[in-house]
Amino acid sequence: MTLGAEFFARSVHEVAPGLMGAPLLVDGVGGRIVEVEAYHHEDPAAHSFRGRTARNASMFGPPGRAYVYRSYGIHWCVNFVCEPGSAVLVRALEPTDGLELMQARRGVGEPRLLCSGPGRLCEALGITREHDGLALDAPPFELRAAAAETEIATARRIGITHAADLPWRYVERGSRFLSRGVPRA
DNA sequence: CTACCGATCGCCT
DNA sequence: GGCGATCGGTAGC
């Protein structure tokens, strides 16, 4: 089942765990979501916290679309927009489709290093500013509900300074494809 | 394995 | 002018 606007028009805290194990493809390349982080509009760590700007405009648009931003001037990161001002940051995938293309784009051979981080997975899937604001239930995106239930663990978010203690990171327990700094318990 | 550093863009004070 | 929802390389234990 394709995940569209209806799925995302809810609290980010319901949507985030609901994405675990969901296949995400861009032009047929991608894998299963194994790590995400929730960003609520009242969260000091969210880009939307201080209001709308040209960069974060997509966060205030319709649910079920992509919000893509530049991180540290180098990497791209992709979010799924939920209720206005809130979004889910996709942090890691378990690669399943288009391994060769991902390896070529990343310049790495090890499957484990292809999509284990928000910047890495965008490079592997070819996600850039071009994808900002695009609907997730239409090409080039392909996002479906998880085929099976997976065991979810929560953890503190990383890489941020505000409200870093909130347990709003969701990971698939035991996955070998999580980003750096994640306890795999 | 952990720790630090540089790269470099866009928004902020 | 500062700093971040990051990553890869290098140094050191």
Side-chain angles (χ1 to χ4, degrees), chain A residues 8 11-13 15-17 19-20 24 26 30-31 33-61 63 65-95 102-134 136 152-172 175-185:
Chain A
F8 288 99
S11 161
V12 68
H13 300 303
V15 173
L19 286 166
M20 201 59 57
L24 168 66
V26 176
I33 295 174
V34 294
E35 180 182 344
V36 298
E37 275 179 5
Y39 286 89
H40 188 266
H41 67 279
E42 292 178 351
D43 174 359
H47 286 173
S48 56
F49 183 66
R50 289 163 197 274
R52 180 177 182 145
T53 66
R55 175 178 65 156
N56 67 23
S58 294
M59 286 188 86
F60 296 91
R65 303 207 179 192
Y67 163 48
V68 181
Y69 71 94
R70 199 95 154 122
S71 176
Y72 288 82
I74 302 171
H75 310 284
W76 296 103
C77 295
V78 64
N79 296 250
F80 297 159
V81 178
C82 300
E83 292 176 326
S86 65
V88 178
L89 171 68
V90 186
R91 291 192 56 91
L93 305 179
E94 174 183 335
M102 289 194 275
Q103 287 165 336
R105 285 169 170 164
R106 294 270 302 115
V108 213
E110 285 204 38
R112 184 173 176 151
L113 297 177
L114 293 180
C115 301
S116 54
R120 288 170 173 175
L121 76 88
C122 280
E123 184 174 30
L125 272 59
I127 297 175
T128 68
R129 182 166 208 79
E130 307 278 305
H131 298 85
D132 184 46
L134 297 186
L136 298 167
I152 298 172
T154 61
R156 290 205 257 260
R157 298 177 297 179
I158 55 176
I160 57 177
T161 54
H162 299 291
D165 56 324
L166 299 175
W168 290 349
R169 180 160 47 134
Y170 300 87
V171 304
E172 179 175 270
S175 173
R176 299 167 26 246
F177 298 92
L178 304 181
S179 64
R180 68 161 81 184
V182 184
R184 292 209 177 67

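We name chains A, B, ... by the order of the sequence lines, and we start the count at 1 in each one. The shown structure was predicted, so the numbers you read here are calculated from the model rather than taken from an experiment.
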TODO: Go through DNA chain C and write down every stem, that is, every run of at least three consecutive Watson-Crick or G-U wobble pairs with distances under 3.5 Å, as range with range.
DONE: B:1-7 with C:6-12, B:9-12 with C:1-4
- [ ] Kindly indicate whether the side chain of A:Leu19, heavy atoms from C-beta on, has any atom under 4.5 Å from the side chain of A:Leu24.
- [x] no
Task: Test item: side-chain donor near acceptor, A:Glu83 and A:Ser11, under 3.5 Å - done: no
Between the protein and nucleotides 11-13 of chain B, list the N/O to N/O atom pairs that are separated by less than 3.5 angstrom.
unit_1: B:dC11; atom_1: OP1; unit_2: A:Arg55; atom_2: N; d: 3.0

Task: Length of the CZ-C1' vector between A:Arg105 and C:dC7, whole Å - done: 18 Å
TODO: Check whether any side-chain heavy atom of A:Val78 lies under 4.5 Å from a side-chain heavy atom of A:Leu121, and answer yes or no.
DONE: yes
Open item on the list: I need the CG-P distance between A:Leu89 and C:dA5, as an integer number of Å.
Closed with: 10 Å
TODO: Kindly state each residue pair satisfying ring-ring contact (aromatic ring centres under 6.0 Å, His included) with at least one member in residues 106-133 of chain A, sequence neighbours excluded.
DONE: A:His131-A:Phe141
- [ ] Give a yes/no verdict on a cation-pi contact between A:Arg70 and A:Trp76, requiring under 6.0 Å between NZ or CZ and the six-membered ring centre and an angle within 45° of the axis.
- [x] yes
Open item on the list: I want to check something: taking the side chain as every heavy atom from C-beta on, are A:Ser179 and A:Glu35 in contact at a cut-off of under 4.5 Å?
Closed with: yes
Open item on the list: What is the separation between atom CD on A:Glu37 and atom C1' on C:dG4, rounded to the nearest whole Å?
Closed with: 14 Å
Task: Pairing residues for A:Asp132 by the salt bridge (charged side-chain N to carboxylate O under 4.0 Å, His left out) criterion, not counting sequence neighbours - done: none
Task: Under 3.5 Å donor-acceptor, A:Arg106 side chain and A:Leu113 backbone - done: yes
Task: For A:Leu114, the option from A:Glu94, A:Glu123, A:Gln103, A:Arg105 that meets side-chain contact (heavy atoms from CB on, under 4.5 Å) - done: A:Gln103
Open item on the list: Please report the distance, rounded to the nearest Å, between OH in A:Tyr67 and C1' in B:dG10.
Closed with: 10 Å
Task: A:Tyr39 over C:dA5, stacked by centroid distance under 5.5 Å, angle under 30° - done: yes
Open item on the list: Between C1' on B:dC9 and CD1 on A:Ile74, what's the gap in Å once rounded to a whole number?
Closed with: 9 Å
TODO: Verify whether the ring centers belonging to A:Tyr69 and A:His47 lie closer than 6.0 Å.
DONE: yes
Task: Separation of atom NE2 in A:His47 from atom P in C:dA5, rounded to whole Å - done: 5 Å
Are there any protein N/O atoms within less than 3.5 Å of an N/O atom in nucleotides 8-11 of chain C, and if so, which ones and at what distance?
unit_1: C:dG8; atom_1: OP1; unit_2: A:Arg106; atom_2: NH1; d: 2.8
unit_1: C:dG8; atom_1: OP1; unit_2: A:Arg106; atom_2: NH2; d: 2.8
unit_1: C:dG8; atom_1: OP2; unit_2: A:Arg120; atom_2: NE; d: 2.6
unit_1: C:dG8; atom_1: OP2; unit_2: A:Arg120; atom_2: NH2; d: 2.5
unit_1: C:dG8; atom_1: N7; unit_2: A:Arg180; atom_2: NH2; d: 2.7

- [ ] Using salt bridge (charged side-chain N to carboxylate O under 4.0 Å, His left out) as the criterion, list what pairs up with A:Arg50, not counting sequence neighbours.
- [x] none
Task: A:Trp76 CH2 - C:dC7 P separation (whole Å) - done: 15 Å
